[in-house]
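When reading the values below, keep in mind they use all heavy atoms of this one structure, side chains included, and skip hydrogens, waters and symmetry mates.
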Amino acid sequence: MDSRNGIEHKCPYCGYEVEWDWNQPRGNEMVKGDESFIRIRSDARDTSNFDTDKPRPVSYGSLDTEKVILLGCPKCHTVSFQIS
């Protein structure tokens, strides 16, 4: 079953790509691709984002690290990420 999670992404390995157009009628929002990317989550409190070791400047407080969303390609099963 397809999650239809609305994430636009392109697989860096096989090139499979998903694009959405939310102005289309319900059920026709996916304009490129036929399956959503699989969003990988953890059991941690923040299940959507994973921390990297790459610093990310913030406008206040101490430095933070870059956050990413892990995505599995529904075609070749390669795991890639998208900066959140």
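Here the closest non-hydrogen pair linking V31 and Q24 is CG1-CG, 4.2 Å. The nearest pair of heavy atoms linking I40 to F50 is O-CE1, 3.4 Å. Between W20 and S36 the shortest heavy-atom distance is CZ2-OG, 3.4 Å. When all heavy atoms of R26 and E29 are compared, the pair lying nearest together is CA-OE2, 3.4 Å. A pairwise comparison of heavy atoms in T65 and T52 identifies CB-O, 3.2 Å as the closest pair. Nearest heavy atoms, C11 versus F37: N-CZ, 3.7 Å.
The hydrophobic clustering, which links ILVMFWY residues whose side-chain heavy atoms are closer than 4.5 Å, places I69 and V18 together. There is a path of hydrophobic side-chain contacts, each under 4.5 Å, that joins I7 to Y16. A single hydrophobic cluster is not seen to contain both L71 and Y13; linkage of ILVMFWY side chains at heavy-atom distances under 4.5 Å, directly or through other members, places them apart.
Taken to the nearest 0.5 Å, the OG atom of S80 stands 8.5 Å off from the CG atom of L70. Residue R41 holds its CZ atom at 9.5 Å from CG of N49, rounded to the nearest 0.5 Å. In this structure, NZ on K10 lies 7.0 Å from NZ on K32, to the nearest 0.5 angstrom. We find the CD-CZ distance between E66 and R56 to be 8.5 Å, quoted to the nearest 0.5 Å. Distance check, rounded to the nearest 0.5 Å: CE of M30 to CD of E8 gives 10.0 Å.
In this structure, the side chain of E35 does not engage the main chain of K75 through any donor-acceptor pair within 3.5 Å.
Contact of the K67 side chain with the D51 side chain is registered, since non-hydrogen atoms from C-beta on lie closer than 4.5 Å.
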